[in-house]
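Scroll down for the structure; my scribbles are underneath it.
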Amino acid sequence: MSLNHSMETQTKLIARVPTITGRELPEWFLAIDNGPSFLRCDERANWLADEHGLTHGYAAAIVHEHERFRRNRMGFI
């Protein structure tokens with residue numbers, strides 16, 4: 001599974017996350033932070049999809065957004 005969506009697809013998926021999942025992004029970020037300590041993004045996306053019943057597209061988009069948030073929060077470019 002690829003975690004690489006176009007920016008347009010990523011933006012559309014993220015915009016629909018609250019409607020589709022019933023949870024806001026900060027809630028998903030907390031779930032990822034409190035979940036298993038996987039090193040790879042695809043492992044986190046698979047866990048998120050399996051554990052929370054998400055499609056892999058939405059799980060991958062959430063994980064990608066979480067990584068972007070983490071990098072920005074830590075001051076990485």
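Nearest heavy atoms, Ala59 versus Ala45: CB-O, 3.4 Å. Closest of all the heavy-atom pairs between Ile62 and Leu25 is CG1-CD2, 4.3 Å. Closest heavy-atom contact between Gln10 and Ala61: NE2-O, 3.0 Å. Summarising the geometry of Ala31 relative to Trp47, their closest heavy-atom pair is O-CH2, 3.5 Å, with the distance given to 0.1 Å.
Linking Ile, Leu, Val, Met, Phe, Trp and Tyr residues whenever their side-chain heavy atoms come within less than 4.5 Å places Ile20 and Ile32 in a single cluster.
Summarising the geometry, atom CZ belonging to Arg40 is positioned 4.0 Å from atom CG belonging to Asp42; distances are rounded to the nearest 0.5 Å. The line from OG1 of Thr21 to NE2 of His52 is 10.5 Å long, rounded to the nearest 0.5 Å. Note that the CG atom of Leu13 and the OG atom of Ser6 stand 8.5 Å from one another [nearest 0.5 Å]. Note: His56 NE2 to Asp50 CG = 5.5 Å, rounded to the nearest 0.5 Å.
The ring-ring contact (aromatic ring centres under 6.0 Å, His included) analysis of residues 7-26, with sequence neighbours excluded, yields no pairs.
Within the 4.5 Å cutoff, no side-chain heavy atoms of Arg23 are placed close to those of Val17.
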Given Glu65 and Trp28, is the side chain to side chain contact (heavy atoms under 4.5 Å, CB included) satisfied, shown in steps?
-> CA-CA 10 Å; Glu65 201 66 19; Trp28 287 116; over 6 Å; no
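Looking at residues two or more places apart in sequence or on another chain, you find a ring pair (Phe, Tyr, Trp, His ring centres under 6.0 Å) between Phe69 and Phe29. In terms of the side chain to side chain donor-acceptor pair (under 3.5 Å) criterion, Thr55 has no residue partners (sequence neighbours excluded).
No side-chain donor-acceptor contact under 3.5 Å links Glu67 to the backbone of His64.
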